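Inspection log for the structure reproduced underneath, given as structure tokens.
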Amino acid sequence: QVQLVESGGGSVQSGVSLRLSCAASSKFTDIMYCMGWFRQAPWKEREGVATICNYDSTKYANSVKGRFTISLDNTENTVALRMNSLVPEDTAMYYCAAAADHFLDYAQLLQSNEYDYWGQGTQVTVSS
């Protein structure tokens with residue numbers, strides 16, 4: 001069983017940056033294939049934001065390309081999401097997830113149903 005704990009959310013103004021972090025209870029290199037960040041706004045479906053895999057594959061949603069950066073720290077077993085130039089449309093609950101049970105191909109990287117473990121989420125609210 002893998003436990004994930006997110007941190008770093010908050011309420012900010014448009015244009016500023018936030019950094020989310022997710023701490024895992026297991027070593028990435030031993031257990032997981034991919035780590036991802038997903039988000040869910042009220043009355044919307046959960047969507048993939050960014051993912052990174054231990055076989056050097058990353059993928060971003062079109063809406064965040066060029067603004068968000070995902071990174072892994074294998075020594076600390078954390079995955080971070082640096083979010084720049086935030087806009088109100090980025091307001092959502094952000095979840096960290098791990099795909100640990102099977103390999104994901106590129107087409108699957110942002111599909112939430114491919115991920116096995118989830119954190120509780122951290123809220124990001126961006127005001128104009």
Side-chain angles (χ1 to χ4, degrees):
Q1 187 74 14
V2 177
Q3 294 181 330
L4 304 172
V5 179
E6 303 97 334
S7 61
S11 296
V12 297
Q13 298 272 337
S14 291
V16 302
S17 300
L18 275 179
R19 182 179 182 274
L20 306 182
S21 184
C22 172
S25 59
S26 301
K27 292 180 65 175
F28 292 145
T29 52
D30 290 347
I31 302 295
M32 300 171 198
Y33 289 103
C34 300
M35 297 294 297
W37 285 96
F38 295 78
R39 67 186 181 186
Q40 188 165 18
W43 304 292
K44 291 187 177 181
E45 292 187 0
R46 189 170 296 187
E47 63 171 343
V49 175
T51 62
I52 186 167
C53 302
N54 60 12
Y55 42 90
D56 294 329
S57 185
T58 60
K59 190 171 186 178
Y60 294 91
N62 289 333
S63 59
V64 306
K65 279 181 182 176
R67 299 190 297 124
F68 291 11
T69 303
I70 190 170
S71 59
L72 274 178
D73 185 335
N74 285 315
T75 59
E76 297 291 332
N77 295 326
T78 58
V79 57
L81 184 69
R82 176 70 177 180
M83 306 185 294
N84 295 329
S85 303
L86 284 162
V87 296
E89 290 74 23
D90 294 319
T91 295
M93 184 71 79
Y94 283 72
Y95 298 92
C96 173
D101 294 344
H102 60 283
F103 177 87
L104 303 185
D105 62 32
Y106 191 75
Q108 296 172 307
L109 290 182
L110 292 178
Q111 295 177 4
S112 60
N113 61 337
E114 299 292 346
Y115 286 74
D116 309 296
Y117 302 100
W118 292 83
Q120 293 299 307
T122 184
Q123 177 68 36
V124 173
T125 303
V126 184
S127 57
S128 57

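Here the structure is a predicted model, which is why all the values come from computation and not from measurement. Position 1 is the first residue of the sequence; numbering continues from there.
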Locate the shortest heavy-atom distance separating Ser21 from Thr78; write the atom from each residue and the value.
-> OG-CB, 4.1 Å

Which heavy atom in Leu4 sits nearest to a heavy atom in Ala24, and how many Å separate them?
-> CD2-CB, 3.7 Å

Compute the centroid of each ring, for Phe68 and then for Trp37, and state whether the two points are separated by less than 6.0 Å.
-> no

Rounded to the nearest 0.5 Å, how far apart are CD of Gln13 and CG of Leu86?
-> 11.5 Å

Arg46: what forms a salt bridge (Lys or Arg N to Asp or Glu O under 4.0 Å) with it, not counting sequence neighbours?
-> none

So salt bridge (Lys or Arg N to Asp or Glu O under 4.0 Å) across residues 103-125, not counting sequence neighbours, yields none

Check: Tyr115 side chain, Met35 main-chain N or O, donor-acceptor pair, under 3.5 Å | no

For Thr51 and Leu110, run side chain to side chain contact (heavy atoms under 4.5 Å, CB included): C-alpha distance rounded to whole Å, both residues' side-chain angles, the deciding distance at 0.1 Å, then the answer.
-> CA-CA 7 Å; Thr51 62; Leu110 292 178; 3.7 Å; yes

Side chain to side chain contact (heavy atoms under 4.5 Å, CB included) between Ile70 and Val79: does it pass, once the steps are laid out?
-> CA-CA 7 Å; Ile70 190 170; Val79 57; 3.7 Å; yes

Spell out, as yes or no, whether a donor-acceptor pair under 3.5 Å connects the side chain of Lys59 to the backbone of Tyr106.
-> yes

Reported CG-to-OG distance for the pair Asp90 and Ser63, which is rounded to 0.5 angstrom | 7.0 Å

Any side-chain heavy-atom pair from Ser127 and Ser11 closer than 4.5 angstrom?
-> no

Apply the test side chain to side chain contact (heavy atoms under 4.5 Å, CB included) to residues Cys22 and Val5: give CA-CA distance (whole Å), side-chain angles for both, the deciding distance (0.1 Å), then the verdict.
-> CA-CA 5 Å; Cys22 172; Val5 179; over 6 Å; no

CZ on Phe38 to SG on Cys96, rounded to 0.5 Å = 9.5 Å

Side chain to side chain, Arg39 and Val124, heavy atoms closer than 4.5 Å = no

Taking C-beta and beyond as the side chain, do Asp101 and Tyr117 meet within less than 4.5 Å on heavy atoms?
-> yes

Closest heavy-atom pair and its distance - Ser128, Ser14 = CA-OG, 3.5 Å

OH (Tyr94) and CD (Gln40) are apart, to the nearest 0.5 Å, by 12.0 Å

Between Thr91 and Val126, is there a donor-acceptor pair closer than 3.5 Å when you use the side chain of the first and the backbone of the second?
-> yes

Verify the neighbour count for atom CD of Gln3: are there more than 12 heavy atoms of other residues, nucleotides or ligands below 6.0 Å?
-> no

Any chance you could measure Arg82, atom CZ, to Ser17, atom OG, to the nearest 0.5 Å?
-> 4.5 Å

Please identify each residue that fulfils salt bridge (Lys or Arg N to Asp or Glu O under 4.0 Å) with Glu76, with sequence neighbours left out.
-> none

Taking all heavy atoms of Gln123 and all of Ala92, pick out the closest pair and write down the distance.
-> NE2-O, 3.4 Å

Between Leu81 and Val49, is any pair of side-chain heavy atoms under 4.5 Å apart?
-> yes

Go through Ser57 and Leu109 one step at a time and tell me if the side chain to side chain contact (heavy atoms under 4.5 Å, CB included) criterion holds.
-> CA-CA 9 Å; Ser57 185; Leu109 290 182; 3.5 Å; yes

Roughly how far, to the nearest 0.5 Å, is OG1 of Thr122 from CE of Met93?
-> 7.5 Å

May I ask you to decide if Tyr95's main-chain N or O and Glu6's side chain share a donor-acceptor pair within less than 3.5 Å?
-> no

